Enquirer: 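This is the structure I want to talk about, given as structure tokens.
Just so you know, these numbers come straight off a predicted model, no measurement behind them.
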Amino acid sequence: NIRRCLISGFFQQVACLESEKRGAYSMLREGQEVILHPSTSLGHRPEWLVFHELSLSSKLFIKTGTQIRPEWLLDIAPRGYFDAAKISEK
């Protein structure tokens with residue numbers, strides 16, 4: 001699966017949807033709020049995503065990203081990088 005390969009290289013750049021209404025995501029490690037850029041090709045707001053590019057203007061935007069499954073993080077990222085309890089509660 002290509003998305004699992006992306007996680008292996010970009011596991012530090014993962015975000016989880018915090019507010020469906022506002023479209024706000026929280027970066028998993030830093031807790032920083034990010035938003036999908038209006039020009040993104042995603043037709044929906046996935047609950048979890050891995051991203052490559054951030055853009056800062058009036059807000060911090062995710063420009064390139066794709067949907068992932070949170071359980072992949074625990075399988076692929078270095079052991080102990082993510083807190084399994086934190087991932088399962090989101």
Enquirer: Hydrophobic cluster membership, with links at side-chain heavy-atom distances under 4.5 Å among I/L/V/M/F/W/Y: are L28 and V34 in one?
Expert: no

Enquirer: Can I76 and R4 be said to form a side chain to side chain contact (heavy atoms under 4.5 Å, CB included), step by step?
Expert: CA-CA 8 Å; I76 298 169; R4 290 176 64 96; 3.7 Å; yes

Enquirer: A side-chain contact here means heavy atoms from C-beta on lying under 4.5 Å apart; do E53 and I62 qualify?
Expert: no

Enquirer: Could you go through residues 67-74 and list every donor-acceptor pair under 3.5 Å that involves a side-chain atom there, pairing it with any protein atom two or more places apart or in another chain?
Expert:
| unit_1 | atom_1 | unit_2 | atom_2 | d |
| --- | --- | --- | --- | --- |
| Q67 | OE1 | H44 | NE2 | 2.9 |

Enquirer: Could you list the donor-acceptor pairs under 3.5 angstrom formed by side chains in residues 5-17, with sequence neighbours left out?
Expert:
| unit_1 | atom_1 | unit_2 | atom_2 | d |
| --- | --- | --- | --- | --- |
| S8 | OG | C5 | O | 2.6 |
| Q13 | NE2 | F51 | O | 3.0 |
| Q13 | NE2 | H52 | O | 3.1 |

Enquirer: Once side-chain hydrogen bond (donor to acceptor under 3.5 Å, both in side chains) is applied, what residue pairs with a partner in residues 31-40 remain, sequence neighbours excluded?
Expert: R22-E33, H37-S39

Enquirer: Can you list the other members of the hydrophobic cluster that holds F61, where links are side-chain heavy atoms under 4.5 angstrom apart?
Expert: I35

